[in-house]
Participant: 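What follows is a structure written as structure tokens; I'll ask about it next.
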Protein chains: 2
Amino acid sequence: MGNNIVVGYEISKIGKKIKKIKLTKPALKSGPRSNMKREEKRQLKLDAILRHAAAAFMEKGYYKTSLDDIALLHKVTKPTLYYYVKNKEDILIKCEDVASVRINGLLDQVTACAENGFVQLENFIRGYVDIITDDIIRCHIRHRGQREDKAARNASLKMHRGIEHRVREIIIKGMDDGSIRDCNSTIIAILLFDALNGISAWYRDEGQLNHEELVQQVLLLVTEGVKNKV
Amino acid sequence: MGNNIVVGYEISKIGKKIKKIKLTKPALKSGPRSNMKREEKRQLKLDAILRHAAAAFMEKGYYKTSLDDIALLHKVTKPTLYYYVKNKEDILIKCEDVASVRINGLLDQVTACAENGFVQLENFIRGYVDIITDDIIRCHIRHRGQREDKAARNASLKMHRGIEHRVREIIIKGMDDGSIRDCNSTIIAILLFDALNGISAWYRDEGQLNHEELVQQVLLLVTEGVKNKV
DNA sequence: CTATATTGTTACCCATGAGTAACTTAAACT
DNA sequence: AGTTTAAGTTACTCATGGGTAACAATATAG
């Protein structure tokens, strides 16, 4: 009886990896109050782990950061991490989820305002530069690309395309309402993201460069370009 | 007599690693013609290795690419690679050297022309988008950042700063001669590189997007921005 | 107060891949 | 020719680090 508490076994398609699955479902019948507390605590710990991991990944890079490093930062041992994440890559995936929510949230907010396309684009840029201050987002931007798992790779691509598409829509709206000049919205959206995401690789809020100054320069560049109007 | 042909031993500072050093210096006395041929061949092979490595690194990433992978691409075995490069990281360093020469060469060319700052900047952008078509350059852009060796890390930073500085100089020149509007040249230079380097991560010459179209959109964005002039 | 699920630990396993030693073959100089 | 150097091979070592098994402690439920 000792070892039938926890698991059953399921052989994946390839038959190479064996996956543990729970047979006992997470007890949902008990009082939601106490359960809530547990779930809350768990979520907080997961968040902390993501923060620590993201910070480490940003400093040393994904492959140069071991799970032991992350565990140490979080003051637990490596196997404990596996209680919160499926594997190393899952950390990146969870960072991606956070990023998706925040960026799409920003887009919701921006597109909800009844402004013309250009102003919406400005607002998006402002918000985005703000968002990429967060280590988790920066970590995602830097490491979206590195996905061993095929499904994860596709999901990442899909989310990325989704966001790019929404920005493209803003640009198109701007061209329609006359606030943005005629241009190739696809290329412009990509270039914009290249520049903004690039910022996340070097900019620190604590650094010497002022946040407002940065935003101003970005907006001016995107708005006016650099050529002097004589 | 068998084993005193080749080597002496030298203990590095740390005393941990032992390094082989040649006592027999590379014969330079013999005819330069034949030597040239050897050096030439060697250089060609090194170039081929760099090409193969860069292609692999761009496809799978540095850490997911083993030296065996590269050796296989080059149709030799791993130890042979060590005849051409010091270690794995040395491949990145050699790619960096290539990149440095090409980009600084472009800058030489661009700044040699007696044009105003804005036109020089335009010419640089045109040339740069051309250059980042090359796998070796793309590899360098993607992996400058990953340097375990401290000296290599510093060298990389220095080269990068050097190039950025030269572009900043062009922008400043443009502001002086009135061809470029007043701006923070440091930030603009960085943003420009962020956008351009970003391109190297996704653009393929063989793809559906036309090279000229891309260059046009970049130049327009940098020149005019996206705001419609009413 | 006891049973059960939740967190966490110590001690492993084992695949991977960088780097090396020692030997073989091919080329080139005299 | 015959010897030296370059170029390449096979067969290893060995550190690293992701992942797991099995056990220990702590909460929570009934």
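Just so we're on the same page: letters track the sequence lines, and every chain starts at 1. Note that this is a predicted model, so its numbers are computed, not measured.
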Participant: In whole Å, I'd like the distance from the CD atom of A:Q43 to the P atom of C:dT7.
Facilitator: 12 Å

Participant: Could you check how far CG of A:D69 sits from P of D:dG18, rounded to whole Å?
Facilitator: 8 Å

Participant: Counting just side-chain N and O atoms, does B:T77 come under 4.0 Å of either OP1 or OP2 of D:dT9?
Facilitator: yes

Participant: NZ of A:K41 versus P of C:dA5: gap in Å, rounded?
Facilitator: 19 Å

Participant: Does any donor atom in the side chain of A:D90 or A:Y82 lie under 3.5 Å from an acceptor atom in the other side chain?
Facilitator: no

Participant: Considering only side-chain heavy atoms of A:T80, which listed nucleotide, D:dT20, C:dT9, D:dT10, is closest?
Facilitator: C:dT9

Participant: I want to check one thing: is the phosphate of D:dG8, taken as OP1 and OP2, less than 4.0 Å away from some side-chain N or O of B:Y83?
Facilitator: no

Participant: On DNA chain D, nearest-nucleotide positions of A:L67 versus B:K75: which is more 5'?
Facilitator: B:K75

Participant: What do you reckon, is CZ of A:R161 surrounded by more than 12 foreign heavy atoms closer than 6.0 Å?
Facilitator: no

Participant: I need the CG-P distance between A:N87 and D:dG17, as an integer number of Å.
Facilitator: 17 Å

Participant: Less than 6.0 angstrom from the centroid, inside 45 degrees of the normal: does B:K64 satisfy that with respect to the ring of A:Y63?
Facilitator: no

Participant: Hey, is the side chain of B:Y84 poking within less than 4.0 Å of OP1 or OP2 on D:dG8, counting only N and O atoms?
Facilitator: yes

Participant: For A:K64 and D:dG18, give me the distance from atom NZ to atom C1', rounded to whole Å.
Facilitator: 14 Å

Participant: Base, sugar-phosphate, or nothing: which does B:Y63 touch, judged by heavy atoms less than 4.0 Å apart?
Facilitator: nothing

Participant: More than 12 heavy atoms of other residues, nucleotides or ligands under 6.0 Å from CD of B:E59: is that the case?
Facilitator: no

Participant: Is there a side-chain contact between A:R102 and A:I136, using heavy atoms and a 4.5 Å cut-off?
Facilitator: no

Participant: Among A:R153, A:R144, A:R147, A:R142, which residue meets the salt bridge (charged side-chain N to carboxylate O under 4.0 Å, His left out) test with A:E96?
Facilitator: A:R147

Participant: With sugar-phosphate meaning primed atoms plus P, OP1 and OP2, does B:S66 contact a base, only sugar-phosphate, or nothing at under 4.0 Å between heavy atoms?
Facilitator: sugar-phosphate

Participant: With under 30° as parallel and over 60° as perpendicular, where do the rings of A:Y62 and A:H143 fit, or are they tilted in between?
Facilitator: tilted

Participant: Taking 4.0 Å as the cut-off, does a side-chain nitrogen or oxygen of A:R42 come that near to OP1 or OP2 on C:dT6?
Facilitator: no

Participant: Is the base of D:dA7 touched by the side chain of B:K45 through a donor-acceptor pair closer than 3.5 angstrom?
Facilitator: no

Participant: For the pair made of NZ in B:K88 and C1' in C:dT20, what is the distance, rounded to whole Å?
Facilitator: 17 Å

Participant: Step through the shown structure and confirm whether more than 12 heavy atoms of other residues, nucleotides or ligands are within 6.0 Å of CD on B:Q109.
Facilitator: no

Participant: Does any residue of residues 143-153 of chain A have a heavy atom under 4.0 Å from DNA chain D, and if so, which ones, in number order?
Facilitator: none

Participant: Between the base of C:dG17 and the side chain of B:K78, is there a donor-acceptor distance below 3.5 Å?
Facilitator: no

Participant: Output the rounded distance in Å from CD (A:E89) to P (D:dG17).
Facilitator: 18 Å

Participant: Rounded to the nearest angstrom, tell me the gap between atom CG in B:L81 and atom C1' in C:dT20.
Facilitator: 14 Å

